Protein chains: 2
Amino acid sequence: MNRVLKTLSSVVVLLMLPLVASMLRANSASAAPPNVIVVFTDDLGYGDLGCFGHPTIRTPNLDRMAAEGIKLTQFYAAASVCTPSRAALMTGRLPIRNGMCSDGRRVLFPNSGGGIPASEITIAEALREQGYATTCIGKWHLGHLPQFLPTRNGFDRYFGIPYSNDMDRLNDAPAGRAAFWQPESRYFNVPLMRDEEIVERPADQTTITKRYTQEAVQFITEHQDKPFFIYLPHNLPHVPLFRSDEFADKSERGLYGDVVEEIDWSVGQILDTLRELSIDQRTIVWFTSDNGPWLSFDSHGGSAGLLREGKGMTWEGGMRVPAIAWWPGTIPPGQTSLALSSTLDILPTSINMAGGEVPADRIIDGYDLTETLKGNSDSPREVMYFYRGVRLMAIRKGPWKAHFITQGSYAGDTNPKTHNPPLLYHLGIDPSEKWDVAKDHPDVVAELIQAVEEHKKTVQPVESQLEIPLAAGQ
Amino acid sequence: MNRVLKTLSSVVVLLMLPLVASMLRANSASAAPPNVIVVFTDDLGYGDLGCFGHPTIRTPNLDRMAAEGIKLTQFYAAASVCTPSRAALMTGRLPIRNGMCSDGRRVLFPNSGGGIPASEITIAEALREQGYATTCIGKWHLGHLPQFLPTRNGFDRYFGIPYSNDMDRLNDAPAGRAAFWQPESRYFNVPLMRDEEIVERPADQTTITKRYTQEAVQFITEHQDKPFFIYLPHNLPHVPLFRSDEFADKSERGLYGDVVEEIDWSVGQILDTLRELSIDQRTIVWFTSDNGPWLSFDSHGGSAGLLREGKGMTWEGGMRVPAIAWWPGTIPPGQTSLALSSTLDILPTSINMAGGEVPADRIIDGYDLTETLKGNSDSPREVMYFYRGVRLMAIRKGPWKAHFITQGSYAGDTNPKTHNPPLLYHLGIDPSEKWDVAKDHPDVVAELIQAVEEHKKTVQPVESQLEIPLAAGQ
């Protein structure tokens with residue numbers, strides 16, 4: 001009996017089976033393009049998940065997702081705030097190339113008239129061309145006028161809010177931060193849209209994570225027999241924080257923890273649905289965040305763990321984000337990868353997995369990570385650029401990061417400081433950016449300056465979409 | 001074929017089997033006392049393992065140990081420096097009760113004449129009484145005179161160094177910190193002992209982790225048929241940092257990472273040996289650290305992750321440590337536990353698992369965590385005390401921590417600051433101790449003050465062992 005039980009519980013051997021399975025079914029996998037799901041959280045910090053070290057936020061579903069897939073510890077959003085970060089994910093291109101940044105406004109607002117240019121090719125457009133059903137569920141923030149909506153950018157369907165959940169504050173809401181500390185949906189006149197129609201205003205944010213989840217589960221169920229792409233940009237845990245009744249006062253981390261734990265539940269629902277429909281082995285799921293935690297919101301903001309600073313800044317805490325990729329049978333389980341990688345890479349990776357062609361008529365800043373995720377190679381990415389608006393602030397090449405300019409977040413110290421020579425940190429040895437070693441490594445500094453010069457040559461000026469005002473009557 | 005493979009790779013179901021197995025074999029487990037192994041690292045920080053969120057230190061063996069066991073996120077050493085922390089682990093008693101602290105020296109030195117009092121009952125003594133074979137492999141630091149050595153405190157055997165690896169610095173070694181930045185074993189005249197004899201001096205620290213590991217594997221192999229207790233207190237990653245050639249320049253975290261990755265390898269060797277001998281299901285293995293990271297040693301010190309401060313201090317980073325417990329078939333896999341727990345609890349837990357009696361003639365500050373580890377209950381521990389030497393600095397009860405006194409580390413700010421009312425932090429919401437909320441919670445403050453008063457009544461003055469000088473000729 002004991003023998004049998006010992007065999008049964010030998011997790012070791014069993015954990016290797018997916019590996020074997022993956023080798024055996026390599027051919028069938030490449031034949032059938034995988035479904036792609038991108039779960040994108042808002043202002044979730046590098047340190048906010050159990051598997052990324054948070055001591056009191058419970059994320060069993062994401063921890064399991066990481067254990068069954070790959071945890072990426074050197075994964076970056078392409079900007080430290082919403083709009084440019086999302087534009088980069090959607091297009092595989094730096095915001096400086098597609099106009100989704102400026103030297104003034106950092107994101108789009110309800111009184112903005114701009115949005116993602118029609119000339120850009122989104123992941124949804126590229127995958128739809130490969131026969132994918134596509135849907136966007138959640139916060140768009142790439143333009144709220146009809147011509148910029150998801151439905152005009154490759155998505156068959158859209159359900160969500162067009163910009164941030166703290167916008168459109170009503171005049172009778174509490175002033176200042178009071179509206180955040182005891183948040184109510186009625187304070188923020190944010191519209192909830194289905195396709196191109198407003199179906200609820202103000203959106204009931206209390207149930208919004210639950211409704212996004214139901215929408216995603218339904219879409220998966222309806223499209224289980226053809227390839228699909230789901231882009232699921234949760235509008236939380238961006239302040240104001242909301243969660244449904246089932247998650248109220250459940251987390252030891254307080255309200256912020258409740259919100260993250262509901263998102264964790266949501267991920268569990270999605271992965272369970274894939275398993276139940278037996279399409280888990282032909283679906284890749286990404287989980288990551290649009291930028292670092294909004295630290296100035298105290299306990300209503302998240303944690304960047306051991307990384308320096310948070311949202312809005314080009315220190316690591318502002319742009320390095322937790323990331324997990326999951327594809328049972330293809331991505332070997334239990335990997336922790338130090339491969340340099342970015343939201344920019346999701347577009348080329350997805351297109352290549354789908355058997356399509358990455359656009360050749362423009363510069364794409366992303367790389368195909370397929371072999372990296374499979375554990376077969378280092379990352380093809382060598383460099384990461386850290387922009388704040390139109391300004392290049394820092395660069396990472398390999399383990400080295402040079403800051404040419406540093407600057408505070410939204411509030412407080414917003415005066416840029418120029419560094420010449422740049423501040424230099426070895427992010428392998430010094431992930432917290434504590435010890436400037438520029439003086440000891442003039443050769444590295446020179447190499448990084450050279451890389452910046454090369455990069456700048458590739459950048460052409462484009463019109464900023466963020467400075468375009470809403471025209472009368474729009 | 002696909003169906004078969006899908007079934008095979010369904011990690012989900014398989015991961016539950018150990019649970020079932022554990023329920024079925026509950027009786028046999030209680031009949032046979034488990035082997036106990038305690039791997040105790042030196043100055044490893046809360047944030048220094050992959051499974052605790054470090055982005056560049058690779059710890060696949062410890063990550064797997066956590067995935068197969070329980071990760072404890074609210075686990076404390078009983079002091080923020082070596083000697084008192086070790087004394088507490090060994091006896092299940094606060095250092096204030098056994099004299100292993102003082103209001104002067106914080107640890108024992110080569111010129112100390114004191115050590116752990118003979119009247120104390122160690123884990124080794126208690127388990128030996130239950131028929132266990134016992135060995136101590138590594139850094140003792142509870143007295144280097146013969147009467148204090150492991151062999152006089154319940155251990156059949158001893159192999160290791162009697163105090164810290166940075167002590168006994170030779171006069172011709174580089175002065176100040178230069179001896180640490182390019183460390184060589186010959187700078188530090190630390191003795192390596194077998195039982196009560198010095199067998200090597202200075203100890204070759206380069207190979208010391210490897211030799212400790214070999215010693216442990218050999219002991220396990222020799223004692224596979226009877227219950228055993230192995231206390232394995234690595235003397236690393238305490239500075240000066242050393243690793244064997246196989247680990248030189250392997251870690252992206254630099255030298256400190258090399259050292260931690262060799263310790264991770266060591267844990268893998270031990271768990272593999274248990275599996276190979278088919279005694280993994282009757283062995284509980286603990287992994288933790290004696291205190292937080294020595295931050296003043298820059299990149300040669302570790303990281304407390306998102307916790308505040310490090311070694312030497314009563315902020316969380318000084319005393320909260322990474323902890324994993326593993327016992328396949330009894331501790332269900334994949335648990336992350338927020339149960340308040342401590343090195344103090346290892347003694348009563350081990351004695352109860354062994355079928356012995358926890359000493360009833362003295363105050364024991366530990367609790368039996370057996371049911372907590374099995375996932376059957378919350379922690380029996382409600383309170384944690386934070387002493388610095390003989391002085392009670394802070395208390396945690398549930399999620400609340402009150403600091404009555406705060407003080408700097410060794411260097412820098414060493415003047416104690418008294419707080420009245422105490423600083424109050426909610427460690428669930430605010431694990432980084434950022435937001436003092438004492439003013440909002442006078443009832444909690446009163447409750448914690450009351451708990452301190454009750455605790456103080458239980459403390460009797462004892463002679464400090466740390467102030468006893470070495471007598472002439474010793």
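Residue numbers start from 1 in every chain, and the chains themselves are labelled A, B, ... in the order their sequence lines are given, proteins ahead of strands. Computed from a predicted model, the values in this text were never measured in an experiment.
- Among the candidates G428(B), G334(B), A66(B), the residue making the largest number of heavy-atom pairs closer than 4.5 Å to chain A is G428(B).
- For a residue to count as touching a neighbouring chain, one of its non-hydrogen atoms must lie under 4.5 Å from one of that chain's; by this rule T336(A) touches chain B with backbone and side chain alike.
- Of the listed residues (Q335(B), Q74(B), R58(B)), the greatest number of heavy-atom pairs within a distance under 4.5 Å of chain A belongs to R58(B).
- At a 4.5 Å heavy-atom cutoff, the contact between L427(A) and chain B is made by backbone atoms alone.
- Contact of P399(A) with chain B is not made at all, since no heavy-atom distance falls under 4.5 Å.
- Within a 6.0 Å sphere centred on CG of D272(A), other residues, nucleotides and ligands contribute more than 12 heavy atoms.
- Just one residue in the list I70(B), I324(B), V285(B) forms a side chain to side chain contact (heavy atoms under 4.5 Å, CB included) with I331(B), and that residue is I70(B).
- A salt bridge is defined here as a Lys NZ or Arg NE, NH1 or NH2 lying under 4.0 Å from an Asp or Glu carboxylate O, and E382(B) with R396(B) fails to meet this definition.
- Taking the charged nitrogens against the carboxylate oxygens, E433(B) and K401(B) do have a contact shorter than 4.0 Å, which makes a salt bridge.
- Chosen from G53(A), S303(A), P55(A), G305(A), the residue pairing most often with chain B at heavy-atom distances under 4.5 Å is P55(A).
- When each of D298(A), L307(A), D63(A) is checked for heavy-atom pairs under 4.5 Å with chain B, D298(A) comes out on top.
- Among residues two or more places apart in sequence or in another chain, the side-chain contact (heavy atoms from CB on, under 4.5 Å) test is passed with S432(B) by L306(B), D430(B), K434(B).
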Pairs of donor and acceptor atoms involving the side chains of residues 251-259 of chain B, under 3.5 Å and at least two apart or interchain, shall be tabulated with distances.
unit_1, atom_1, unit_2, atom_2, d
S251(B), OG, R253(B), N, 3.0
S251(B), OG, E261(B), OE2, 2.9
R253(B), NH1, I429(A), O, 3.4
R253(B), NH1, S299(B), O, 3.1
R253(B), NH2, S299(B), O, 3.3
R253(B), NH2, G301(B), O, 2.8
Y256(B), OH, D48(B), OD2, 2.6
D258(B), OD1, K250(B), N, 3.0
D258(B), OD1, S251(B), N, 2.7
D258(B), OD2, R243(B), NE, 3.0
D258(B), OD2, R243(B), NH2, 3.3
D258(B), OD2, D249(B), N, 2.7

